[in-house]
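Here the structure is laid out as structure tokens; the discussion comes afterwards.
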Amino acid sequence: MVYDLEQKEVADEAWAVVKTSFPYIPGYLSFREGPAVLSAFRKICLIPDVVIFDGQGMAHPRGAGIASHIGVLLGIPSVGCAKTRLVGEYEEPGLLRGDRAELRYNGRVVGAVVRTRTGVKPLFISPGHLVTLEDSVRIVLEAAFRFRLPEPVRLAHKRATELRKRYESSRSSPKKYPSGGETI
DNA sequence: GCGACAG
DNA sequence: ATCTTGTCGC
């Protein structure tokens, strides 16, 4: 999902149906979900300035979560925005939107635990490719203006669920199914 | 060996 | 992540 933060609207989108070739193993998420991200990315017409990943960036056992790894392959700035922690220690941040705490791992600050909405569970933000921690937090807070998750992440998730349902029911019948290359 | 563990 | 009913709060 390519989202225009100034117009507050979807600018482009694309999807891909890819068979999983790797199991989900904490610390190896990019090997499972990366291929699908890459194939869907080849179909979009508007290349974004930054990509927000549903997962970790630098806050990873080897310092390179899906945001860092795929960000490099795409050659585009990226940010890790996970709903839960993978590694690191932190103090619970304040309850207001914008309140944050450092996420430390091996004596290093690898990310931030940020409250994007007052009273909701915080997000685990960490730098991906070509982006600083401060910019990462700024980008996520700017994109999460309505709900807990950044708008593009929320909409992408919503679209994925919808497509998966439609796909699972149409795959049995002889009908065809849009490949996701349609441009808006 | 035990517990932790993005999606 | 997925399954899954009702329920709590804005």
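Since we're looking at a predicted model, the values are computed, not measured.
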How many whole angstroms separate atom CZ of Phe53(A) from atom P of dA1(C)?
16 Å
Geometric cation-pi criterion Lys8(A) and Phe145(A), 6.0 Å radius, 45° cone
yes
Presence of Lys83(A) side-chain N/O under 4.0 Å of dA6(B) phosphate oxygens OP1/OP2:
no
Expressed as a whole number of angstroms, how long is the span from Tyr28(A):OH to dA6(B):P?
14 Å
Classify Gly27(A) by what it touches in the nucleic acid, base, sugar-phosphate, or nothing, heavy-atom distance under 4.0 Å.
base
Please state whether the phosphate of dA1(C), meaning OP1 or OP2, lies under 4.0 angstrom from any side-chain nitrogen or oxygen of His157(A).
yes
Nearest-angstrom distance from the residue atom CD1 of Ile70(A) to P of dA6(B):
18 Å
How many Å lie between CD1 on Ile125(A) and C1' on dA6(B), as a whole number?
14 Å
Give a yes or no on this: more than 12 heavy atoms of other residues, nucleotides or ligands lie within 6.0 Å of atom CZ of Phe41(A).
yes
Would you kindly give the CZ-to-C1' distance between Arg62(A) and dA6(B), to the nearest whole Å?
12 Å
Given atom CZ of Phe124(A) and atom C1' of dC5(B), what is their separation to the nearest angstrom?
13 Å
Is there a side-chain contact between Thr84(A) and the phosphate of dC5(B), meaning an N or O under 4.0 Å from OP1 or OP2?
no
Which listed nucleotide (dC5(B), dG7(B), dT2(C)) is nearest to the side chain of Arg164(A)?
dT2(C)
Euclidean distance, atom OH of residue Tyr24(A) to atom C1' of dC5(B) [Å, nearest integer]:
6 Å
Can you tell me if Glu91(A) has over 12 outside heavy atoms packed within less than 6.0 Å of its CD?
no
Does Arg85(A) have a side-chain nitrogen or oxygen under 4.0 Å from the phosphate oxygens OP1 or OP2 of dC5(B)?
yes
Can you tell me the distance, in whole Å, between the CZ atom of Arg117(A) and the C1' atom of dG9(C)?
14 Å
Looking only at heavy atoms, what is the nearest atom pair of Thr118(A) and Arg97(A), with distance?
OG1-N, 3.2 Å
What about Ile44(A) and Val37(A), same hydrophobic cluster or not, with Ile/Leu/Val/Met/Phe/Trp/Tyr joined at side-chain heavy-atom distances under 4.5 Å?
yes
